[in-house]
Structures are given as structure tokens and as C-alpha cells.
Amino acid sequence: MRKYYAVLIIIFLINLSVGWSQEYEFQHITTVNGLSHNEVRKIVKDNQGFLWFGTQNGLNRFDGYRFKVFKNVPNDSSSIIGDKIYSLAVSKDKLWVGTITGLSVINTVTLEVIPTPNIFNFIGKNGVLQLFCDGSNVVWASTEGENFIIDAASLEVERVLKDYKIAAVAKGFDNNYWIGTNKGLLQYDYKTKTIIKNYELGAFNAYGLDEIYTNSYGEVWITKSHGIYRYQSERDRFIEVFNGSKTFNAISENDEGDIFFGTYGDGLLKYSRATGLYEPLLANPENHLSISSNDVYDVFVDDENIIWVGTQEGLDYYDYTRHRFNSLVHLPENNNSLRSSFVQTIFQDTDGLFWIGTREGIDQVVFDEGYTNPKISHKNMNNTLFEPLNNSYVSSIFRDSKDRMWISTMGDGLFLIHEGQNLMRRFTHNSEDPNSIASSSVRAIIEDHLGRMWFGTGGGLSLLSEDGKGEYAFENLGFSTLNTTSMPYNDIYSVFEDSKQRIWIGTNKGGLSLLVEKGGGKSFLRFNHLPSDPKSISDDEVFVIYEDVDNRVWFGTSGAGLNLLKEDGRSDINNGYYFQSYTENDGLSDNEINAILEDHEGDLWIATNTGFSEFNIDTETFTNYSTYDGVLKGKFRKNAKWKTKDGTLFFGGAAGINYFNPNNFKINNNVPNPVFLDLLIDGKVVEVGQSLDNTVVISQPLSSGSMVKLPANDNRFEIKFTALSFASSMRNTYAFKLEGIDRDWQYTGGIDPSANYSKLKAGSYRFYLKASNNDGVWNNEPIFMDISVSPNLMDWKIVKIGIGVLLLLTLVLGILAFRKYKGRSLVRDPNLKSKKPIRVIDPELNKENLEKVKELYLLMETEKVYLDSELGLTQLAEKIDVSTNHLSMLLNDYIGKNFYDYVNYFRVEEVKRRLKDPYYQRQTLSSIGGDCGFNSKSAYNRIFKKFTGKTPSQYQKEI
């Protein structure tokens with residue numbers, strides 16, 4: 001037995017030393033995001049699908065984007081009874097809120113606090129330490145001194161178990177209740193109101209948050225003090241299965257059957273049903289994806305398998321849909337990490353060892369099964385000839401059919417290793433030797449079907465020649481102004497042989513070329529971008545070439561998206577070759593293509609400057625993934641990619657490596673539940689029963705089938721909505737349509753989904769809404785609301801006719817008066833200028849607006865919110881607490897710019913500042929633009945030139 005416990009302790013300590021499971025990476029929500037307090041005590045989900053969080057300073061309802069906070073207002077019976085939330089429970093359309101000063105009941109449809117004088121007569125202002133409802137009409141409530149059963153429908157109250165102090169309640173598989181009390185654990189028959197059995201487990205402590213959990217397997221789990229207990233049904237007893245140093249409390253279970261236990265002091269403890277092991281998930285100050293605090297109050301797994309954790313320092317959640325992309329990164333002072341953040345090339349040898357070429361040398365990585373537990377070593381070359389590789393900018397690694405390893409660099413030449421023959425050679429450019437490699441900057445390596453080695457360099461294309469005696473020479477093919485069939489440009493970044501044995505060469509600014517070999521001679525067919533020809537290649541910077549399993553050849557450009565090679569055998573133009581392009585306008589995340597790989601389903605994964613674009617070739621649609629989904633920040637590097645035999649894709653970039661297998665993505669099949677949240681007129685929420693122009697706008701809480709009545713003069717309105725799908729909620733998509741106004745469905749998403757309309761004519765309309773979750777699963781039937789717009793006096797025909805007659809009469813009288821006026825001989829000053837009417841501005845309002853303008857400027861200068869490429873008008877308006885209309889007025893009337901010009905001004909100024917700062921000298925122009933808020937290279941160049949009259953590169957040269 002001692003050995004058994006010793007093994008358990010060793011396992012626990014090993015897990016503790018790891019300190020963090022990469023499997024669970026948590027996002028964080030705090031008061032900065034709208035939460036009323038960071039100490040989150042309880043978490044529940046109501047029958048509509050809203051999440052509720054009880055904190056030490058208020059109650060919070062969460063719809064996936066926004067919080068609605070409920071707090072106590074002194075002497076206001078329509079507010080909750082207290083702000084310190086200790087317990088929560090849910091019944092149909094009701095939320096039961098146990099506070100330190102009593103019990104409140106909220107109607108979750110109307111969001112009104114239900115008057116409960118009968119309950120108050122029993123409970124008063126005593127703290128409600130425990131609440132439980134199993135989905136029926138029975139609600140258990142306990143204070144420190146008494147226990148009650150409340151009928152959720154009638155709100156009738158009865159006392160129960162008078163001689164016990166109840167700390168926890170759960171309903172068992174056989175419909176009996178398990179009740180933890182100060183006198184042990186009871187099994188209780190509610191129908192007969194009798195105790196079936198008392199299990200002597202010791203006292204349960206309500207203040208210690210002791211918990212009981214039952215599941216559909218018929219299991220019963222208990223946390224009590226320092227231990228975890230599990231019920232053995234075959235022996236009708238509880239056994240201790242784990243004992244920790246700190247207090248255990250909350251319990252919840254995910255779809256895989258793993259169980260999570262909250263502790264006060266030791267974070268989360270995960271029990272794996274597959275392995276039977278307990279694994280701690282601890283707070284780690286050096287890991288922003290660990291839980292916020294080791295003091296955990298509650299754990300809740302929702303129906304989308306998202307794990308919500310209430311801690312001492314905020315709300316944490318693990319959303320598996322946001323962590324599909326694993327990563328290898330550089331961590332200072334951590335030897336088991338990449339030596340450099342900049343990964344330039346990736347290669348896997350036949351032994352499964354990964355070779356990672358970085359800007360500072362080569363790393364080697366070995367994974368356990370399933371690409372877990374990576375072990376990283378930094379390869380150091382002891383050979384004097386190869387010492388430059390230890391700190392070199394490694395651009396490509398390639399193993400040829402003769403088992404020779406080729407390693408190229410961006411300035412230190414080309415290296416050859418043949419371990420079997422103990423051969424090591426280095427090739428550099430020698431201007432006095434025409435047989436040396438064309439340049440010491442080598443970017444691309446291929447072996448063609450004849451076994452010939454080709455190298456793309458900064459000085460042209462080099463073909464290796466071997467004499468069989470260990471002597472090597474290069475045939476160099478480059479650009480010539482006298483030969484139109486020569487290479488179009490010497491700066492080569494990609495060389496590729498396709499399945500038809502054609503060799504394609506992509507250059508930095510010379511476009512694309514195709515090698516033509518005839519009669520022993522070599523020439524090149526050139527393809528350049530022609531603005532007048534939409535079938536020409538879209539850009540002259542071609543860095544990426546890829547062929548899919550259906551032998552389609554794709555070309556990635558640096559600034560104009562993706563190109564698919566097309567062939568028309570009947571045409572003599574360019575030998576029948578032409579191109580079909582795909583850009584941001586087609587849904588691509590960014591027009592700079594850095595790498596392409598194909599998954600086992602035939603979709604292309606395209607690495608851009610903003611993340612990944614998954615391209616379904618059949619439907620020609622893109623699904624884009626960004627840092628929100630777990631993609632590393634920073635642009636990906638050109639052709640830094642690898643695909644393993646099992647379909648795992650690796651992409652290298654400026655922040656390390658992302659790797660993932662799309663076949664292992666867990667798809668969210670939960671159908672979303674779209675709901676209407678609020679109706680706003682002129683940026684202000686319309687409350688139920690509120691009148692405008694003697695018209696009650698909404699008489700009932702908004703829901704599907706609601707009627708909205710808009711006065712004629714107040715029909716500028718906004719409808720806010722949500723899908724109540726919390727998995728990657730930013731990726732939820734909404735389709736809406738106002739019949740009579742919108743021909744087709746309109747689509748939206750983001751952090752504040754809403755629809756805006758204005759100036760509707762009198763009549764009846766129907767607004768439809770449907771939603772999809774993050775993986776494109778749509779609800780079947782759209783919800784709707786009917787909208788009625790009252791007629792305006794100006795809409796009456798008789799009034800319109802009368803106004804027409806009046807205007808005609810006014811015109812006639814005006815003409816007569818003008819003739820009479822013209823006939824008078826009045827002397828006028830020819831230099832007198834007419835003055836524009838002076839706009840009268842309320843001094844107080846003008847003062848407030850000027851303060852808001854100042855606040856806006858300080859926000860831009862100090863917080864630099866413009867660096868966020870996704871910053872929108874709505875977000876900026878929220879930051880200075882004004883409506884979007886108000887912000888637009890401030891920008892137009894006080895600053896003289898629209899939103900985009902205003903924000904882009906600061907972005908351009910920031911770019912200019914960084915271009916002058918030596919600190920940023922090693923950064924590329926594109927990455928500086930991306931860091932300053934520009935989300936595409938084309939927009940960056942266009943906007944910068946608009947403000948400065950120069951492109952970023954021209955500006956950089958001048959300074």
C-alpha cells in the first residue's frame with residue numbers, strides 16, 4: 001500500500017513539475033471585458049442558452065459578446081437583493097440567485113426580478129449558501145441555519161431536514177437525492193421525505209464549497225475538504241480516490257468523460273477517464289494561456305464542451321475550437337524551445353527527425369506519438385568549414401535521391417553533407433570563377449526527374465554539374481538585356497518541377513518563367529503581370545509554387561493573391577498558358593501568399609500575413625483563421641512548410657511554427673440558437689413599454705414573433721442579436737433580411753453583431769434572422785420580428801397635393817416679385833459677398849463635444865488603439881462611451897475626417913515614426929505595416945501614398 005501511494009505521489013509531483021498541460025490553453029475574461037468583478041463564484045446556463053456568472057460584486061449575463069450586469073440598488077425592490085453572489089441555480093425561465101443577504105429570483109425572459117414576499121418571509125436577509133435545481137420544479141435552498149424546498153412554479157416554500165445543515169445537493173441516477181450535510185452524506189427519498197442511508201464521510205462545509213456531482217453513468221463524485229471521493233455502487237460505499245494539499249470544491253465533466261475538480265490553492269485537477277490519471281492545471285505567470293489563479297471557485301462545462309472556470313482573479317475558459325493550431329516558439333532562457341522566432345524552412349528526414357532552419361542556425365525536433373511533447377536541440381556544426389551554419393540565415397534544407405543533404409543560406413552559400421561518404425562541401429559565389437554558384441544567397445533547391453540539382457539564387461538559376469570524381473561546377477542561367485528568352489530577373493525565390501516535368505521559376509520582381517530545353521539549349525518563357533490582361537499572372541513577385549493531387553499548379557504572389565495555371569491548347573499566346581487569380585475580394589485573408597499545402601480532403605491551406613486561409617477548390621470559398629483561433633502572431637515565411645505522411649501540416653513564420661492536422665479538428669455540431677437582444681433608436685436601447693411620439697414601441701420582451709411599432713419620425717433603428725453559441729463566437733455568422741428592403745440576405749459577424757436601418761416608409765415589414773456557429777452549422781428556421789412604421793403626415797396624398805399647389809403658387813409669386821425687384825434702379829456694391837447662415841450650436845453641447853474630441857485624441861495617442869487592424873467604428877465609439885452616430889458627427893464636424901481617414905492618419909504617422917527609429921531597422925516594410933494596423937499590403941501602400949504622396953519604400957529611401 002505504501003508503494004501504491006508513493007507511485008501516486010511521484011506521478012502527482014511529475015505532473016506538478018510540468019506545471020501546465022499544453023492540451024488546455026485558457027482565454028481570460030476580466031472587468032476590462034465588462035465583467036462586474038474578477039472574483040467569480042458561480043457559473044450556470046439558463047434554458048434559453050445565456051451564461052450567468054455570480055461574482056462578489058454583482059450578477060452577469062453573458063451572450064457571447066456582451067455582459068448585462070445586475071446589481072442591488074438600495075430601496076429598489078426591482079433589483080437583486082445583494083451583490084455578493086454565493087450560489088446560483090436554474091429552473092424553467094427562472095434564475096435563482098443566492099446572495100450573502102438573501103435570495104432573488106429573476107425571470108430570464110423579461111430579466112425582471114420576480115417579487116417573492118413568501119420566500120422572503122422564510123429566508124429573510126440570511127445568506128443563501130447552497131442552491132440546487134435538477135431541472136424539475138424543485139429548488140433546494142439552504143442558509144446557515146435552515147433548509148428549504150421551493151416550488152419553482154408556485155413559489156411555495158417548505159422547510160426540510162430541520163436538524164441538518166446542508167452544504168451540497170445532487171440528484172442520483174435513481175431519482176433519489178444525495179445531500180451533503182454537517183452530519184455526513186445522506187441518500188434521501190424526496191417522495192417519502194425520508195433518509196434512506198447516512199454515509200459517515202464526515203461533515204460537509206458549505207463555506208468550504210464542498211460539492212456533489214452525479215452523471216448519466218450513475219456515478220457519484222464528491223469533493224470534501226482535501227479529498228475526492230467516488231461511489232462504489234457494487235459495494236454501496238465511497239472510497240477516497242485522491243487527496244491533495246489544498247481544499248477541493250467544484251466538479252464538472254466534459255464530453256470525453258474527463259472530470260475537472262476545482263481547488264482552493266492548487267488550481268484545476270483533471271481526471272482522465274482514458275488513463276485514470278489525475279493531472280494538475282496550474283496558474284503560471286510566464287504562460288498567459290494558463291488559468292488566471294490557483295484559487296478556483298467553480299467549474300462548468302457547457303453543451304458545446306467549453307470549460308468555464310471561475311477564479312479569484314477572473315473568468316477563464318477553454319474553447320477547443322480556438323486551439324486547433326499547435327505551436328513551437330522561441331522562449332528566452334528555455335533550451336527546449338526554438339533558438340530563433342524566425343523559421344525559414346522545415347524538413348523531416350526518413351527517421352522522423354525535423355530539421356528547422358531559422359535565421360540563427362538549425363534546430364532539430366523530435367516528437368512523441370501524435371506530435372506531442374516536442375524535444376528540441378540546437379544543432380551545432382563542429383566542422384570549421386560548416387561553422388557559419390551555427391548562426392546563419394538558413395533558407396532551405398533538402399535531401400536528394402543520393403541521400404545527400406543540401407543546406408542553403410541567405411548569404412553564406414550552399415552546404416553539402418553526405419554522411420555515408422563522409423563528404424562535406426561548401427559552395428560560395430566567386431566573381432572570378434564562372435563555374436561557381438551564381439550567388440552565395442541561395443533560396444530554393446530542387447532535384448528534377450533526371451536527378452539534376454537546380455538552385456534558385458539571388459544571382460540567377462544554377463544547375464549543378466558533377467564529373468564523377470568529386471569535382472563540382474555550376475552552369476549559371478541569368479538575365480540578359482540582349483536576350484528576350486533569358487531569365488526575366490535574377491532574384492529567384494522559388495524553383496519547382498511539376499508532374500509534367502516542367503520547371504517553373506518564380507522571381508522577386510521579374511514575374512514567372514518556364515524553362516524550355518530544346519536541342520541542348522536552354523531558354524525561358526516569361527509570364528508577367530499586364531494590367532490590361534486579367535488572364536495574366538496577377539503580380540510580378542512570385543514566391544510560392546505548388547501542385548495539388550489533381551495536378552493543378554498554383555502560384556502565390558507577394559501582393560496580388562493566388563493564381564491557378566490554366567491551359568488552352570488552341571491558343572498561341574504564351575503557348576496557351578493563362579491564369580485565374582483569387583484575392584482578398586474573393587475571401588482570401590490577405591494578398592501576400594507565403595506558403596501552400598494541401599490536406600487529405602483536397603483543401604488548400606494558404607499561409608498569409610494574417611493567418612491561414614483554407615481554400616475549398618470545388619466551391620471556391622475561403623475559411624480564414626487568425627490569432628483568434630490560435631494562429632501565431634506575425635507573418636509566415638516564404639515556403640517554410642512541411643506535410644507529414646499522416647497529414648499534419650507545419651508552417652514556419654516570424655513567431656515560430658504552427659502545426660496541425662485538419663483531420664483531427666473537432667467540429668462543433670451544436671445548432672446555434674439566435675435571439676434578439678435589444679432594439680436601439682438613435683443609439684439608445686428601447687425598454688419594454690417605452691413610448692416614442694405617443695407610440696409604445698415594444699410591449700413585450702423581444703423574441704421570435706415580436707411586434708415593433710415605430711413612429712414615423714423615429715425609425716432609425718438598430719437590432720442587436722446573438723447566436724448563443726460560445727465556441728469561437730467571433731466566428732459566428734449571421735444572415736438577416738428585412739422584407740421589402742433587402743433583396744438578398746445580408747451577412748455580419750464580429751464582436752457586436754447587429755443590423756441597422758433608417759428612413760423606412762410607412763408600412764409593415766418582417767425582419768428575419770438566422771445564425772451559424774463557428775463551423776458553419778446553421779439553425780434550420782430563421783426567427784423573425786414584425787415591424788410596423790406609422791404613416792407620416794407627409795405621406796398623405798391630399799397633403800402632398802396641397803403642398804404641390806402651394807409650391808406652385810409660391811413660385812409664381814416669387815417670379816412676379818423678382819421682376820418687380822429687377823426693375824428698380826438700386827445701386828449695389830459689386831464686391832459685397834453673401835454670407836453663409838451661421839449654425840447655432842448649444843454652448844454646453846459644444847463643450848461636451850470638444851471634450852469627447854480631446855478624449856478621442858488622448859485615446860489614440862496613449863492607448864494606440866489604431867494598431868488593432870480590426871478596429872471598427874463601433875469599437876471606437878464604445879471606448880469613449882458615445883453612439884456610432886455621435887462619433888461619426890464628431891469626426892466629420894469637429895475633426896473634418898471620416899473614420900477611416902482619421903484612424904489611418906495615426907497608422908501612417910506610426911509607420912513614419914518606426915521607419916526613422918533604428919530599433920525597427922531589421923523589420924521589413926510589410927511587417928511594420930502589419931504591426932501598425934494595416935491588414936493588407938495593398939491597403940498599406942495605397943493609404944500611405946495617399947497621406948504622404950510616396951510609397952513606404954520610397955519614403956524609407958528618402959530618410
Side-chain angles (χ1 to χ4, degrees), residues 27-36 48-51 53 60-69 111 315 317 319 322 624 626-629 672-687 702 708 716-738 742 745-758 767-774 779 783 785 852 856 859 863 865-891 898-900 902-903 933 935:
Q27 312 299 132
H28 312 291
I29 298 175
T30 66
T31 52
V32 174
N33 309 106
L35 193 66
S36 64
Q48 284 185 284
F50 290 95
L51 282 167
F53 307 109
N60 301 255
R61 189 190 77 164
F62 186 53
D63 61 37
Y65 310 98
R66 323 164 188 86
F67 287 96
K68 190 174 185 68
V69 178
L111 299 183
L315 176 69
Y317 66 98
D319 177 358
R322 292 186 63 180
N624 297 319
S626 66
T627 52
Y628 176 77
D629 306 289
N673 175 34
V675 294
F676 300 121
L677 294 175
D678 289 308
L679 176 75
L680 291 81
I681 293 179
D682 288 338
K684 297 180 180 178
V685 175
V686 178
E687 304 294 343
L702 293 177
V708 174
R716 300 171 303 281
F717 65 95
E718 178 182 4
I719 302 169
K720 290 188 180 291
F721 38 75
T722 185
L724 292 178
S725 178
F726 299 93
S728 294
S729 57
M730 286 277 289
R731 295 177 60 80
N732 293 342
T733 303
Y734 301 86
F736 61 88
K737 179 168 60 175
L738 186 61
D742 298 319
W745 288 96
Q746 309 296 310
Y747 293 87
T748 190
I751 61 172
D752 188 22
S754 62
N756 294 269
Y757 294 93
S758 63
F767 179 80
Y768 288 100
L769 173 68
K770 55 185 179 179
S772 78
N773 68 12
N774 62 297
N779 65 305
I783 62 173
M785 69 167 63
K852 285 296 179 184
L856 181 63
L859 179 72
E863 296 188 22
V865 294
Y866 55 83
L867 296 180
D868 180 2
S869 62
E870 298 180 0
L871 180 69
L873 184 68
T874 302
Q875 295 166 275
L876 191 56
E878 288 176 353
K879 289 183 180 293
I880 62 170
D881 196 25
V882 298
S883 68
T884 54
N885 290 338
H886 192 174
L887 177 57
S888 293
M889 183 275 292
L890 293 175
L891 292 171
N898 60 32
F899 167 76
Y900 294 102
Y902 182 70
V903 173
N935 56 18

Looking at S725, is its backbone amide N or carbonyl O close enough to the side chain of N732 to form a donor-acceptor pair, meaning the two atoms are under 3.5 Å apart? yes

Cation-pi between R322 and Y628: NZ/CZ under 6.0 Å from ring centre and within 45° of the ring axis? yes

Counting only N and O atoms by type, is there a donor-acceptor contact under 3.5 Å from the side chain of D629 to the main-chain atoms of S626? yes

Minimum-distance pair of heavy atoms, taken over all atoms of G34 and V69: O-CG2, 4.0 Å

For F899 and L891 the tightest heavy-atom approach is CA-CD1, 3.6 Å

Note, L680 side chain near N756 side chain (heavy atom, < 4.5 Å): no

Main-chain N/O of N774 paired with S728 side-chain donor or acceptor, under 3.5 Å: no

May I have the step-by-step check of side chain to side chain contact (heavy atoms under 4.5 Å, CB included) for L859 and I880, ending in yes or no? CA-CA 8 Å; L859 179 72; I880 62 170; 4.1 Å; yes

Smallest separation among heavy atoms of Y65 and P753, with atom names: CE1-CG, 3.7 Å

To the nearest 0.5 Å, tell me how far N885 CG sits from L873 CG. 8.5 Å

Shortest non-hydrogen contact from F50 to V675? CZ-CG2, 3.9 Å

When you measure from the side chain of D868 to the backbone of V865, do you find a donor-acceptor pair of N or O atoms at a distance under 3.5 Å? no

Distance, nearest 0.5 Å, that separates CD of E718 from CG of L679: 9.0 Å

Give a yes or no on whether the backbone of S36 and the side-chain of N60 come within a donor-acceptor separation of less than 3.5 Å. yes

If you look at every heavy atom in L769 and P674, which pair is closest and at what distance? CD2-CB, 4.1 Å

State the CG-CG distance between L876 and L856, to the nearest 0.5 angstrom. 5.5 Å

Keeping Y734 on the side-chain end and A723 on the backbone end, is there a donor-acceptor pair under 3.5 Å? yes

Got a second to check how far L890's CG is from Y902's OH, nearest 0.5 Å? 10.0 Å

So I29 and F67, do their side chains get closer than 4.5 Å, heavy atoms only? yes

Applying side chain to side chain contact (heavy atoms under 4.5 Å, CB included) to V686 and I681, what does each step give before you reach the verdict? CA-CA 7 Å; V686 178; I681 293 179; 3.9 Å; yes

State which residues pass salt bridge (charged side-chain N to carboxylate O under 4.0 Å, His left out) with K852; sequence neighbours excluded, sorted by chain then number. E855

Indicate whether the side chain of Y768 and that of D742 have a donor and an acceptor atom separated by less than 3.5 Å. no

Is the shortest heavy-atom distance from the side chain of E870 to the side chain of M730 under 4.5 Å? yes

Residue list, salt bridge (charged side-chain N to carboxylate O under 4.0 Å, His left out) with D752, at least two apart or on another chain: R66, K720

Any non-hydrogen side-chain atom of I719 less than 4.5 Å from a side-chain atom of L677? no

Does the pair F721 and T748 meet the rule for a side chain to side chain contact (heavy atoms under 4.5 Å, CB included), with working shown? CA-CA 11 Å; F721 38 75; T748 190; 4.1 Å; yes

Is the shortest heavy-atom distance from the side chain of F676 to the side chain of D678 under 4.5 Å? no

Main-chain N/O of G872 paired with Q875 side-chain donor or acceptor, under 3.5 Å: yes

Could you give me the CA-CA distance, side-chain angles and deciding distance for R716 and Y757, then say whether side chain to side chain contact (heavy atoms under 4.5 Å, CB included) is met? CA-CA 6 Å; R716 300 171 303 281; Y757 294 93; over 6 Å; no

Close side-chain approach of F726 to D319, heavy-atom, < 4.5 Å: no

Out of curiosity, S888 OG to N898 CG, how far, rounded to the nearest 0.5 Å? 9.0 Å

Nearest 0.5 Å, what's the OH-CD distance between Y317 and Q27? 5.0 Å

If every non-hydrogen atom of F736 is compared with every non-hydrogen atom of S754, which pair is closest and at what distance? CE2-O, 4.2 Å

Any side-chain heavy atom of H28 within less than 4.5 Å of one from L315? no

Measure the shortest side-chain to side-chain distance between F717 and D682 over non-hydrogen atoms and say whether it is less than 4.5 angstrom. no

